[in-house]
Amino acid sequence: MSGMWTVKVVGLGVVALSLSVELLGWLLHRLRPKRTRTEVLFFPSEMACLEHIFAPSSPQSCCCPLPHGVETSFTRLVRCILSASSSLDVCVFAFSNMDLCKAVLTLQCRGVTIRVLCDKDYAAILGSQIGVLRRAGICARCDMGSVYMHHKFAVVDNRLLITGSLNWTMTAVQSNKENVIVTEDPNLVGPFLKEFQRLWLHSDPAQYFHLSDPKPADKPTTPSTDKP
């Protein structure tokens, strides 16, 4: 009889130990700090077809001469931008790359809130996509300062920062030696969000129209016709 109780006690001890190990593993997993996403991209980038990125569910295969199914720095950059589900803030010196413009327009069709800020001189150059974005209904402002707005960064969903030396131009992507860092580190994302908001408010065209409104002219005085 005592031997049976011993077996039962040992069995319960093994079960308790097993449950304790599982619980300890679960607690360690929960308490372990999560690794923030960090990725480094270098350019120039090999060119590859992007159709499977813009339309992954399309049954039609693309017949263009570019390589298909190849991951490059540029395809990863486009994927980062297209990962936006609620908002995209773009702050770039020059924006003439049509594929990046297509990515932004794709997000607009998905209902993503988009704000674009660029340098006022480069917004009107030949090939600039700022006019395309504005005609599509996207809010795009130009920095009105006296110096170049030379930033090159974007923030996806207020949590993912894309920044580096890369202008959003075809030359930068295909020809220049450039770098881009993609990170979810809140210590880095936060200051860029703050800077974007500061520049966005400073570039509000309404305040400049208000300052340039001519003052109303004084009404001319009509000489009195009453006789003394």
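These figures come from a predicted structure and were not determined experimentally.
Between the CG atom in Leu199 and the CG atom in Asp204 there is a gap of 13.0 Å [rounded to 0.5 Å]. Taking CG of Leu82 as the reference point, atom OG1 of Thr75 lies at 11.0 Å (rounded to 0.5 Å). Taking OG from Ser165 and CZ from Phe43, the interatomic distance works out to 9.0 Å, rounded to the nearest 0.5 Å.
Applying the ring pair (Phe, Tyr, Trp, His ring centres under 6.0 Å) rule to Phe54 yields no partners; only residues at least two apart in sequence or on another chain are considered. Contacts of Arg37 classified as side-chain contact (heavy atoms from CB on, under 4.5 Å), with partners at least two apart in sequence or in another chain: Glu39, Cys80, Leu160, Val182, Glu184. Partners of Val189 by side-chain contact (heavy atoms from CB on, under 4.5 Å), not counting sequence neighbours, listed by chain and number: Val155, Leu161, Leu193. Legend: residues meeting side-chain contact (heavy atoms from CB on, under 4.5 Å) with Ser85, ordered by chain and number and at least two apart, are Asp157. Annotation: side-chain contact (heavy atoms from CB on, under 4.5 Å) contacts of Arg79 (sequence neighbours excluded): His52, Ile53, Glu71. Applying the salt bridge (Lys or Arg N to Asp or Glu O under 4.0 Å) rule to Glu178 yields no partners; only residues at least two apart in sequence or on another chain are considered. For Phe74, there are no ring pair (Phe, Tyr, Trp, His ring centres under 6.0 Å) partners two or more places apart in sequence or in a different chain. Listed by chain and number, the residues in a side-chain hydrogen bond (donor to acceptor under 3.5 Å, both in side chains) with Thr183 amount to none (sequence neighbours excluded).
Evaluation of the salt bridge (charged side-chain N to carboxylate O under 4.0 Å, His left out) test over residues 47-58, restricted to residues two or more places apart or in two chains, returns Glu51-Lys102. A side-chain hydrogen bond (donor to acceptor under 3.5 Å, both in side chains) check over residues 107-126, counting only residues at least two apart or in different chains, returns the pairs Asp89-Arg115, Arg115-Gln197. Counting only residues at least two apart or in different chains, salt bridge (charged side-chain N to carboxylate O under 4.0 Å, His left out) contacts with residues 125-134 are absent.
Closest approach of Ala154 to Leu88, counting heavy atoms only: CB-CD1, 4.3 Å. In terms of heavy atoms, Val78 sits closest to Ala103 at CG1-CB, 4.4 Å. Taking all atoms of both residues into account, the shortest heavy-atom contact from Ala136 to Leu105 is CB-CD2, 3.6 Å. The heavy-atom pair separating Cys49 from Cys62 by the smallest distance is SG-SG, 3.7 Å. Residue Leu188 comes nearest to Phe192 through the heavy atom pair O-CD1, 3.2 Å, listed as atom of the first residue, atom of the second, then distance. Of all the heavy atoms in Ser73 and Leu41, the pair that sits closest is O-CD1, 3.6 Å.
The closest side-chain heavy-atom distance from Val70 to Thr72 is below 4.5 Å. Taking the side chain as every heavy atom from C-beta outward, Cys91 and Phe196 approach each other to under 4.5 Å. Ser45 has its side chain out of reach of Arg76: every pair of non-hydrogen atoms, C-beta onward, lies at least 4.5 Å apart. Residues Val90 and Leu117 have side chains not in contact (no heavy-atom distance under 4.5 Å, counting atoms from C-beta outward). Leu166 has its side chain out of reach of Asn179: every pair of non-hydrogen atoms, C-beta onward, lies at least 4.5 Å apart. Here the side chains of Ile162 and Phe153 are not in contact, with every heavy-atom distance at 4.5 Å or above. Residues Thr171 and Asn176 have side chains in contact (heavy-atom distance under 4.5 Å, counting atoms from C-beta outward). Side chains of Cys118 and Phe93 form no contact here, defined as non-hydrogen atoms less than 4.5 Å apart.
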### Query
When you look at Val180 and Thr163, which way does the side chain to side chain contact (heavy atoms under 4.5 Å, CB included) test go after all the steps?
CA-CA 5 Å; Val180 168; Thr163 186; over 6 Å; no
#### Entry: Worked check of side chain to side chain contact (heavy atoms under 4.5 Å, CB included) between Ser96 and Trp168
CA-CA 6 Å; Ser96 60; Trp168 286 27; over 6 Å; no
### Message
Checking Ile114 against Val104 for the side chain to side chain contact (heavy atoms under 4.5 Å, CB included) test, could you report, in this order, the C-alpha distance in whole Å, the side-chain angles of both residues, the deciding distance, and whether it holds?
### Response
CA-CA 8 Å; Ile114 300 168; Val104 174; 3.8 Å; yes
Let me have the donor-acceptor pairs involving side chains of residues 143-151, under 3.5 Å, with sequence neighbours excluded, atom names and distances please.
from, atom 1, to, atom 2, distance (Å)
Asp143, OD2, Gly145, N, 3.1
His150, ND1, Lys152, NZ, 3.2
His151, NE2, Glu195, OE2, 3.4

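Proximity of a side-chain donor or acceptor of Arg141 to a complementary backbone N or O of Trp200 within less than 3.5 Å is detected. Although no hydrogens or angles enter the test, the distance criterion places no donor-acceptor pair under 3.5 Å between the side chain of Asn167 and the main chain of Thr169.
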